[in-house]
Chemist: 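Got a structure for you, questions after.
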Number of protein chains: 2
Amino acid sequence: MQQAAKLTARGAATKARIVTAAADLMLERGAAGTTLDDVLAASGTSKSQLYHYFGNKDDLIRAVVRHQAQRIQQDQRPELDALDSLAGLARWRDKIVAAQAAHDQVGGCPLGSLANELAGGDQQTRSVLQECFAEWEAPLRAGLTAMRDRGSLSPEADPAALAEAIMAALQGGLLLAKTHRSSRPLARALDMAIAHVHSLATASPA
Amino acid sequence: MQQAAKLTARGAATKARIVTAAADLMLERGAAGTTLDDVLAASGTSKSQLYHYFGNKDDLIRAVVRHQAQRIQQDQRPELDALDSLAGLARWRDKIVAAQAAHDQVGGCPLGSLANELAGGDQQTRSVLQECFAEWEAPLRAGLTAMRDRGSLSPEADPAALAEAIMAALQGGLLLAKTHRSSRPLARALDMAIAHVHSLATASPA
DNA sequence: CCATAACTGGACTAGCAAGTCCAGTTGCTG
DNA sequence: CAGCAACTGGACTTGCTAGTCCAGTTATGG
């Protein structure tokens with residue numbers, strides 16, 4: 001992998017095909033449970049192509065992590081950009097619960113599952129995970145900050161802490177949902193988190 | 001494995017040694033990432049002993065899941081039996097955060113990590129996971145129910161939903177803590193959950 | 001003290017997985 | 001159109017892993 005190379009249109013397409021196939025497989029089998037041969041078969045490529053675009057399996061895994069993070073943000077638009085009101089939070093919640101239910105309750109968070117598996121690994125991969133979570137959390141933190149600055153939330157409310165706690169509820173809710181094959185735990189976790197934001201809302205929304 | 005057999009004291013000790021070693025290894029490397037040879041080396045046993053006590057690797061994994069669930073409950077006593085007050089919840093929170101910090105922020109929830117990895121697998125294993133989570137959650141649900149019945153919590157409060165949401169916050173907090181190598185996300189998640197219980201508390205605690 | 005069953009050691013097999021290698025094809029670019 | 005670099009195919013190597021097998025040792029109950 002000498003990736004400063006040119007990368008023609010065809011090459012880019014092949015690389016994307018590999019990452020997409022790997023992401024799908026790793027979502028349902030985990031990163032360790034997915035073999036490169038599986039990825040090659042699913043993407044219709046060969047060993048040499050994979051090693052042409054990626055240094056090794058870990059490198060591919062990091063690409064998959066970034067891919068899933070992008071996919072999540074894409075899926076959650078435009079709701080992710082309208083988290084500066086209680087109504088906006090409710091819409092985001094509904095979209096997430098609906099998406100989970102649509103997946104037959106199978107497969108938790110594409111990012112959370114990978115994080116769980118890879119957080120104990122090398123520093124490089126963990127850094128990517130941290131960045132991806134931060135990127136995902138940013139719009140939430142921004143929305144809560146806007147609410148506080150506007151006076152919709154109590155001045156004592158800590159947007160950063162709130163956003164992190166909500167993400168934790170989301171991740172835990174998805175894990176329990178996956179385990180129980182039911183979206184109920186996810187719904188309850190998010191409802192609790194949003195109720196907590198409600199309790200910090202001021203009577204007069206400014 | 002014809003486990004209706006006798007199982008002498010020595011046999012029981014060997015079996016326990018295998019499960020303990022496997023649990024430790026799987027906590028830091030995951031179930032798939034732990035080889036049976038690793039387990040044998042760490043426990044000072046041999047292949048034939050492992051297959052004498054367990055049908056196959058999946059069988060061992062299920063034993064590890066049950067073992068971790070028991071260990072967690074044991075570690076969280078006596079706080080787990082005193083979750084029928086806001087003060088009790090706070091003590092439980094402190095114990096969990098301290099335990100996480102004591103582990104150098106490494107390794108999330110011994111049960112949650114396994115659940116994440118195994119929830120997509122066979123029904124048998126998933127059932128064990130569900131039971132273990134239910135068992136762990138039971139004291140929390142009981143405490144919240146007692147609070148509501150006593151009048152410390154609003155009659156509208158739903159102890160089952162509350163307990164499940166709190167467990168979700170705990171799991172998500174542990175996942176983010178593992179990813180960031182910091183107990184901050186865990187503390188924030190639990191603080192939010194407990195603040196939510198506070199908001200449901202009645203002014204007069206009876 | 002003998003027979004039976006629990007228990008133990010470790011060599012062995014079969015299959016699979018990551019990563020290597022090289023010969024060949026395609027497609028830019030001057 | 002020539003030449004170089006990007007790209008592709010797939011066989012091959014090396015090492016590991018779950019699971020098997022059997023010969024042998026220890027405990028126990030009659």
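Residue numbers begin at 1 in each chain, while the letters A, B, ... track the order of the sequences. In this text the structure is predicted, and so the values were computed from the model without any measurement.
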Chemist: In whole angstroms, how far is the C1' atom of D:dT20 from the CG atom of B:Leu50?
Modeler: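 B:Leu50 atom CG is separated from D:dT20 atom C1' by 13 Å.
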
Chemist: Return the value, rounded to whole Å, for the distance between atom OH of A:Tyr51 and atom C1' of D:dC7.
Modeler: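 For the pair A:Tyr51 OH and D:dC7 C1', the rounded distance is 18 Å.
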
Chemist: Using whole Å, what does the distance between atom P of nucleotide D:dG10 and atom CG of A:Leu36 come to?
Modeler: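 Atom-to-atom, A:Leu36 to D:dG10, this comes out as 17 Å.
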
Chemist: Go through D:dC22, C:dC21, C:dG19 for me and flag the one nearest to the B:Ser48 side chain.
Modeler: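 In terms of side-chain proximity for B:Ser48, the closest of D:dC22, C:dC21, C:dG19 is D:dC22.
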
Chemist: So among A:Gln124, A:Glu131, A:Gln130, A:Gln123, which one has a side-chain hydrogen bond (donor to acceptor under 3.5 Å, both in side chains) with A:Ser127?
Modeler: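 Going through the options one by one, the only one that passes is A:Gln123.
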
Chemist: For B:Tyr53 and D:dA18, give me the distance from atom OH to atom C1', rounded to whole Å.
Modeler: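 Whole-Å distance recorded here is 20 Å.
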
Chemist: Is the shortest side-chain N to carboxylate O distance from B:Asp122 to B:Arg62 below 4.0 Å?
Modeler: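 A salt bridge links B:Asp122 with B:Arg62.
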
Chemist: Nearest whole angstrom, please: distance from the P of C:dC7 to the NZ of B:Lys15.
Modeler: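 After rounding, the gap between these two atoms is 10 Å.
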
Chemist: In whole angstrom, what separates A:Asn56's CG from C:dG19's P?
Modeler: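 Rounded to whole Å, this separation is 5 Å.
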
Chemist: In this structure, how many angstroms lie between the P atom of C:dA17 and the CG atom of A:Asp58, rounded?
Modeler: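 From A:Asp58 CG to C:dA17 P: 17 Å.
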
Chemist: Can you tell me the distance, in whole Å, between the NE2 atom of A:His52 and the P atom of C:dG27?
Modeler: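 Interatomic distance, NE2 of A:His52 to P of C:dG27: 14 Å.
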
Chemist: Closer to the 5' end of DNA chain C via nearest nucleotide, is it A:Asp37 or B:Gly44?
Modeler: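 It is B:Gly44 whose nearest nucleotide is closer to the 5' end.
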
Chemist: Taking side-chain hydrogen bond (donor to acceptor under 3.5 Å, both in side chains) as the criterion, tell me which of A:Thr34, A:Asp24, A:Asp38 meets it with A:Arg29.
Modeler: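 That would be A:Asp38; it is the only one of A:Thr34, A:Asp24, A:Asp38 passing the side-chain hydrogen bond (donor to acceptor under 3.5 Å, both in side chains) with A:Arg29.
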
Chemist: Could you pick out which residue, A:Lys47 or A:Thr14, lies toward the 5' side of DNA chain D when each is mapped onto its nearest nucleotide?
Modeler: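 Final value for this comparison: A:Thr14.
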
Chemist: Hey, what do you get for NZ (A:Lys15) to OG1 (A:Thr45), rounding to the nearest 0.5 Å?
Modeler: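 The distance works out to 13.5 Å.
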
Chemist: What's B:Ser46 touching, base or sugar-phosphate or nothing? Going by heavy atoms closer than 4.0 Å.
Modeler: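 The residue B:Ser46 makes base contact.
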
